[in-house]
Amino acid sequence: MPEEPPETGKMSDRPRFYLTTPIYYVNDEPHIGHTYTTVVADAVARYRRAVGYDVRFLTGTDEHGQKIERAARAQGIRPIELADRVVHRYHELWRALSISHDDFIRTTDPRHRLAVEKLIRRMKSAGDVYLGAYEGMYCSGCEAFYPESQIRDGRCPDQGHPVERVAEESYFFRLSRYQEPLLEHYRRNPAFVRPASRFNEVRAFVESGLRDLSISRTSLDWGIPYPDAPGHVVYVWVDALTNYVSALGYGEDPEGAPFRYWPAQVHLVGKDILRFHAVYWPAFLLSAGLPLPECVYGHGWWLKDEAKMSKSLGNVVRPGPLLRDFGPDALRYFLLREMTFGLDGTYSDEQFLDRYNGDLANDLGNLLSRVVTLIEGGLSGAIPAQPDAPEARELEPAAADAHAAWRAAFDAYDFSGALAAAWRLVGETNRFLVRHAPWALASDPSRAETHRAVLWGASEALLQAAAMASPAMPRAAEEIASRLGSPLPRDLSAFRWGLLTTGGRVAKRAPLFPRIDKAAYFKESRAVDDSKPIQPAAPEPKPAPPEGVALLTIDEFMKVDLRVARVVSCERVEGAEKLLKLRVDLGTEERQIVAGIAKAYAPEALVGKRIVVVANLKPAKLRGVESQGMLLAADLGGRPIVATFEEDVPPGTRVR
Ligand code: ME8
């Protein structure tokens, strides 16, 4: 059953819904795993707004700790410089994907530091903090200690990252005290952790006994100074988890003041970090006297080649190429539709294209073109008032059913189910058109009313489906509504038949989701998955070029995709004295390029420079290192001089 529609009225009367994503580490650029949680959160936020909630949606970045410090050192820059650079990428990506967050927290924000200090002081005054010494196996990949018994071959049990022995003085949080209070909370709140199978794992972990938790580090500078303890910085997970309240002003509010939107209705996280959210975070909150979130949802992983995507395995799929080739709504749709929320899912280019062609180009896109063309041809492009003929209501029960199923599924975090409900209506509408064949009715004046009713009914049903798709595909939904000459309905709390604007004019435009020829796509385009570029097919044998320098036609020249790229980082290739390996930003994606310029350039001299790259060159390996393009340089008697720009040209700009 869908939740009761909340009462409408003044802003403050609306029920609140505070939801969060994890804050992402800034040691690496976002991949589709990070994209997934944020797209899910955005769909939930949009859905809740549409059914009447006062929504607060938070995302952000986790910028302190050893992991970030090391990544910055490897690039020869300060941690804050790395953070600023990667945060910029997150902002760009969220904008490109129409993410509607209300706030973006960075753990380097002053407001955040105040909140962390306040939380620690509260835990201390509760008698839950003491000074001790820690010796143990630390995993900087997970930023967590593990018991020695769990270490296999020097690697952590959760994700297989290398661990190292750490011994230092540390402040401890009395986590052991919270074993019973946590179990009690779990008993009283059976939906505190979802899905239920993961709740069982969390419960079993707590039942097996909780050890006190080290919450400060002395071997590290890159963190929030631990209050009143020079030389200590706050353990990065205490720091990170506090973001959920620091963004609400916890640190800035006077002691004890209630702060708006807390507690959260849901923390959306991947299953990799469920324990931090379902055990440590509630224990900190209990200690600090704050209410606990209503639910922590630990979703599954996107796998590639049967493994979780990770930079170290080199199997990540980045959103850039998918966005470039298919647009934001196709990517959002795929992520929400293809994965059963809570379970793991496997990414493949093939599946992406199948979903795109099947659901978007065929089912939805064709319905839209059909309806618009029929109204243009048969009704001079104007949406009539709802006709009296029964065909105008024929799809109403299907739409009402779809709406009810859509609400129930969204309330249950079943995004695939919610979209399936909307697509059932799309399918019904396509069948309805085939059944009534309005193209035949148009020529029979005695059936004019039926003709109008069929076209009106199909348009209305399509607008209903677009509204249901809107939390997942906000731009496409707006576009569909606009092509039907109606505003996209904002209030979706209750089903209502008759959303179309009478007199609205339909607009015929290019296909919303043009069909992609799969074979040609794989052959011609760069890979959907840029972690493993699919090699273009071997070129056709060409006639031998004429002697001397051949003249090119403009079309031939334009086949070379020259782009401005910004050098993000650059290093020597071990064992190859001529080669430098560059990471370059191409606007929509990053690439690795290997160039034989090491004798002429120190790696750091190139970082930040804008260069010209051949972006559609077949990837090649140089000394075993993959190069995904080529940079342009003048050849001055064997000395390369890299082509650069004097002006600040945005990465990705075409050069011709
Ligand atoms: O853990 N499939 O940050 P992080 C699905 N800073 N989701 C994935 C994924 C995959 N293959 N890979 C990553 C951190 N994610 C901490 C969090 S919160 C207070 C601190 C998503 O950059 C998923 O939500 O490693 C996962 O929990 C998160 O990205 C981890 O991001």
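If you read the sequence from its start, that first residue is 1, and numbering goes on from there. Ligands are counted one by one from 1 in listed order, and the atoms in each one are counted from 1 as well.
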Heavy-atom donor-acceptor pair, R591 side chain to Q628 backbone, under 3.5 Å: yes

Pi-cation contact, Y138 with R217 (under 6.0 Å, within 45°): yes

What does the contact table look like for ligand 1 (nitrogen or oxygen on each side, cut-off under 3.5 Å)?
from: ligand 1; atom 1: 2 (N); to: W302; atom 2: N; distance (Å): 2.8
from: ligand 1; atom 1: 6 (N); to: I23; atom 2: O; distance (Å): 2.8
from: ligand 1; atom 1: 6 (N); to: D62; atom 2: OD2; distance (Å): 2.7
from: ligand 1; atom 1: 7 (N); to: G33; atom 2: O; distance (Å): 3.3
from: ligand 1; atom 1: 11 (N); to: W302; atom 2: O; distance (Å): 3.0
from: ligand 1; atom 1: 22 (O); to: Y25; atom 2: N; distance (Å): 2.9
from: ligand 1; atom 1: 24 (O); to: T37; atom 2: OG1; distance (Å): 2.7
from: ligand 1; atom 1: 24 (O); to: G270; atom 2: N; distance (Å): 3.2
from: ligand 1; atom 1: 27 (O); to: G270; atom 2: N; distance (Å): 3.0
from: ligand 1; atom 1: 27 (O); to: D272; atom 2: OD1; distance (Å): 3.0

Among H267, R194, Q265, side chain to side chain contact (heavy atoms under 4.5 Å, CB included) partner for C295: R194

Rounded distance (nearest 0.5 Å) linking atom CD1 of I120 with atom CZ of F173: 10.5 Å

Those residues that, when tested against D109, pass side-chain contact (heavy atoms from CB on, under 4.5 Å) (two or more places apart): I105, R106, R111, H112

Face-on cation placement of K271 at W301 ring, 6.0 Å and 45° thresholds: yes

